Asker: 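Quick one: structure below, then a few questions.
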Amino acid sequence: MSNIKLIIEERPANIGNFMVGRLLPFREKRMVGPFSFIDHMGPAALSDHENLDVAPHPHIGLSTLTFLFEGEITHRDSLGTNVVIKPGQVNWMTSGSGIVHSERTPEYLRQTDKMLHGLQIWVALPKALEQMEPEFFHVEEQDIPHWEENGLSFKLIAGEVFGHKSPVPVYSPLYFIEIKSKSKQKVNIGKDLFGESALYILEGSVESEGNIFEPKNILIANDATLCEFEMNENTTVYIFGGEPFPEERFMYWNFVATDKKLIEEAKTKWLNQSYKPVPGETDFVPLPEQSKFIKR
């Protein structure tokens, strides 16, 4: 990736009862295109008495994308959705004006040893759609476009690029791409990308301009059209980006909006527990104490 603007190392954070690596946002770069938040979950080895239990919590103004490498998660939401996501599948939940969901280890795995490993992503909605009705889509692994080219394996998890289009129903021009190499290969895909772009190294290593970058690094390009690098053998990277929005975004906990008033309304609704509940759930995550908004 020529002309790298920023090199960011993964930072620890918490989700449920185990650690994750926070990739985005960070101080120098709050968003990449419409992508406002990315967590790398695990890999976490959970014993027969350890489980993922993220109680019901709300979102506004964004879509969430869950993509697992290992393990399974039961997703329940206030639309009545009750689905288990497995490795290679995509859960795409659009909060719009407001949705509540929980994430838990499936019942049939709760008394077993298991792994959990994946990515959780937030994609901000365009201003005109940030108050749309909430939606949920589940995409099977076999329905995600994948192909081989120049010794590389590609998967288009979301968006439209390279003449392929993912069935994930995105609401602005973007891309989220997996690239795998078994042997050392040069990658030059800048002519096909647009907007802002970033690269996350999951495993293996990447070389660019005489530098070697290893896992848990995220590389931000100055220009998507300059996306050129070399993947070493047995390397997996994820490239994400797209057209940035003209308006700034504010973020408070799980709420993303162009107007602070929308966030204040969402906070009040959650404090009053006036959102539509998640069927079958009785507990919830309290509104955290935060002193200020984060500006995107």
Side-chain angles (χ1 to χ4, degrees), residues 9-24 37-59 64-93 95 99-122 136-144 155 157 168 176 178 180 200-204 214-216 218 234-238 253-254 270 273 275 277-288:
E9 293 186 357
E10 189 173 283
R11 293 154 295 145
N14 289 311
I15 180 172
N17 51 359
F18 66 98
M19 296 291 290
V20 300
R22 178 64 42 77
L23 307 179
L24 189 75
F37 175 96
I38 298 180
D39 266 354
H40 179 186
M41 304 184 297
L46 304 179
S47 67
D48 58 3
H49 62 277
E50 294 177 312
N51 293 290
L52 175 70
D53 280 304
V54 181
H57 56 282
H59 291 278
T64 65
L65 188 157
T66 302
F67 185 74
L68 297 181
F69 311 128
E70 296 179 274
E72 301 180 19
I73 297 175
T74 295
H75 165 100
R76 295 186 180 93
D77 64 41
S78 51
L79 297 174
T81 308
N82 185 341
V83 64
V84 174
I85 181 172
K86 300 181 179 182
Q89 300 174 341
V90 174
N91 269 10
W92 178 262
M93 182 185 74
S95 62
I99 197 169
V100 181
H101 76 125
S102 64
E103 299 162 288
R104 301 186 186 276
T105 299
E107 287 296 329
Y108 54 82
L109 294 178
R110 295 185 73 85
Q111 280 75 50
T112 66
D113 295 340
K114 58 264 177 188
M115 293 292 296
L116 188 59
H117 190 199
L119 296 173
Q120 288 199 312
I121 296 166
W122 294 1
F136 178 85
F137 290 88
H138 178 83
V139 181
E140 297 291 342
E141 181 179 15
Q142 65 267 22
D143 296 327
I144 298 172
K155 184 177 291 185
I157 298 167
V168 174
F176 182 53
E178 177 190 88
K180 289 179 175 283
Y200 179 62
I201 305 165
L202 178 71
E203 58 186 355
E214 297 185 334
K216 298 187 178 181
I218 183 169
N234 299 320
T235 293
T236 301
V237 301
Y238 290 87
W253 190 35
N254 301 316
W270 188 243
Q273 285 293 291
Y275 279 104
V278 178
E281 295 276 13
T282 56
D283 59 345
F284 63 92
V285 178
L287 185 75

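These numbers come from the heavy atoms of this one structure, side chains and all, not from hydrogens, waters or symmetry mates. All values reported here derive from a predicted model rather than from experimental measurement.
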Asker: Under 6.0 Å between ring centres, would you say that holds for His101 and Phe136?
Answerer: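 Between His101 and Phe136, the centre distance exceeds or equals 6.0 Å.
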Asker: Within the structure provided, determine whether His117 and Leu202 are in side-chain contact (heavy-atom separation under 4.5 Å).
Answerer: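 They are in side-chain contact.
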Asker: Mind listing the closest non-hydrogen atom pair of Ser95 and His59 along with its distance?
Answerer: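 Taking Ser95 first and His59 second, the nearest heavy atoms are CB-O, 3.3 Å.
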Asker: Does the side chain of Ile121 come within less than 4.5 Å of Thr64's, by heavy atoms?
Answerer: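 A side-chain contact is absent here, since even the closest heavy-atom pair is not under 4.5 Å.
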Asker: For a quick test of reading the model, state the closest non-hydrogen atom pair linking Thr112 to Leu109 and the distance between them.
Answerer: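 Shortest heavy-atom separation between Thr112 and Leu109 comes out as OG1-O, 2.8 Å.
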Asker: Where is the tightest heavy-atom contact between Gly71 and Pro87, given as atom of each residue plus distance?
Answerer: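 Closest heavy-atom pair between Gly71 and Pro87: O-CD, 3.1 Å.
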Asker: With the threshold set at 4.0 Å, does a side-chain nitrogen-carboxylate oxygen contact exist between Arg104 and Asp283?
Answerer: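 A salt bridge is present here (some side-chain N lies under 4.0 Å from a carboxylate O).
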Asker: In the structure I gave you, are the side-chain heavy atoms of Trp92 and Ile157 within less than 4.5 Å of one another anywhere?
Answerer: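 The answer is no; the side chains never approach within 4.5 Å.
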Asker: Please round to the nearest 0.5 Å and tell me the distance separating atom CE of Met93 and atom OG of Ser78.
Answerer: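 Taking CE in Met93 and OG in Ser78, the distance rounds to 8.0 Å.
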Asker: Just checking, any donor-acceptor pair under 3.5 angstrom between side chains of Lys114 and Asn51?
Answerer: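 Present: a donor and an acceptor within the cut-off.
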Asker: Please report the shortest heavy-atom distance between Ala55 and Ser102, naming the atom on each side.
Answerer: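 Closest pair (atom of Ala55, atom of Ser102, distance): C-CB, 4.1 Å.
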Asker: Is there a side-chain contact between Gln120 and Phe67 in this structure, where contact means two heavy atoms from C-beta onward sitting under 4.5 Å apart?
Answerer: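 No - every pair of side-chain heavy atoms lies 4.5 Å or more apart.
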Asker: With side-chain contact (heavy atoms from CB on, under 4.5 Å) as the test, would you mind laying out the steps for Phe176 and Leu65 before giving the verdict?
Answerer: CA-CA 10 Å; Phe176 182 53; Leu65 188 157; 4.2 Å; yes
Asker: Closer than 3.5 angstrom, by distance alone: can the side chain of Thr74 be matched with the main-chain N or O of Val84 as a donor-acceptor pair?
Answerer: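 Side chain of Thr74 to backbone of Val84, a donor-acceptor pair under 3.5 Å: no, none is there.
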Asker: Which value, rounded to the nearest 0.5 Å, describes the distance between Leu68 atom CG and Ile73 atom CD1?
Answerer: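 Nearest 0.5 Å value for the CG-CD1 distance: 4.5 Å.
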Asker: How would you list, by chain and number, every residue that makes a side-chain hydrogen bond (donor to acceptor under 3.5 Å, both in side chains) with Gln89, sequence neighbours excluded?
Answerer: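 For Gln89 the side-chain hydrogen bond (donor to acceptor under 3.5 Å, both in side chains) partners, ignoring immediate neighbours, are His138, Glu140.
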Asker: When rounded to the nearest 0.5 angstrom, what distance separates CD in Glu178 from CD1 in Ile144?
Answerer: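 Interatomic distance, Glu178 CD to Ile144 CD1, rounded to 0.5 Å: 9.0 Å.
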Asker: Partners of Tyr275 by side-chain hydrogen bond (donor to acceptor under 3.5 Å, both in side chains), sequence neighbours excluded?
Answerer: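 Per chain and number, Tyr275 pairs via side-chain hydrogen bond (donor to acceptor under 3.5 Å, both in side chains) with no residue.
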Asker: Less than 4.5 Å apart, any side-chain heavy atom of Ile99 and any of Leu79?
Answerer: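 In short, these two side chains touch, coming nearer than 4.5 Å.
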Asker: Parallel, tilted or perpendicular: which describes the rings of His57 and Trp253, with under 30° parallel and over 60° perpendicular?
Answerer: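 Answer is tilted, since the angle falls between 30° and 60°.
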Asker: Indicate the atoms forming the closest heavy-atom contact of Pro279 with Pro277, along with that distance.
Answerer: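 Looking at all heavy atoms of both residues, the shortest contact is CD-O, 3.5 Å.
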Asker: Measure the shortest side-chain to side-chain distance between Thr66 and Ile85 over non-hydrogen atoms and say whether it is less than 4.5 angstrom.
Answerer: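 Yes; the side chains approach each other to less than 4.5 Å.
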Asker: Once you round to the nearest 0.5 Å, how far does CG of Asp48 lie from CG of Asp113?
Answerer: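 Interatomic distance, Asp48 CG to Asp113 CG, rounded to 0.5 Å: 5.5 Å.
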Asker: Evaluate the ring planes of Phe69 and Tyr238, with Trp represented by its six-membered ring, and classify them as parallel (under 30°), tilted (30 to 60°) or perpendicular (over 60°).
Answerer: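 The arrangement is tilted - the two ring planes meet at 30° to 60°.
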Asker: Quick one, Asp77 and His75 - any side-chain contact, counting heavy atoms below 4.5 Å?
Answerer: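 Yes. Closest side-chain heavy atoms under 4.5 Å.
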Asker: Please identify each residue that fulfils side-chain hydrogen bond (donor to acceptor under 3.5 Å, both in side chains) with Ser47, with sequence neighbours left out.
Answerer: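 For Ser47, the residues satisfying side-chain hydrogen bond (donor to acceptor under 3.5 Å, both in side chains) (neighbours in sequence not counted) are His49, Glu50.
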Asker: Given side chains that start at C-beta, do those of Val168 and Phe137 come closer than 4.5 Å, heavy atoms only?
Answerer: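 Answer no - side chains too far apart.
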Asker: What distance separates Thr105 OG1 from Leu116 CG, expressed to the nearest 0.5 Å?
Answerer: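 That separation rounds to 6.5 Å.
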Asker: Quick one: pull up NE2 in His40 and CG in Leu119 and give me the separation to the nearest 0.5 Å.
Answerer: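 Between atom NE2 of His40 and atom CG of Leu119 there are 6.0 Å.
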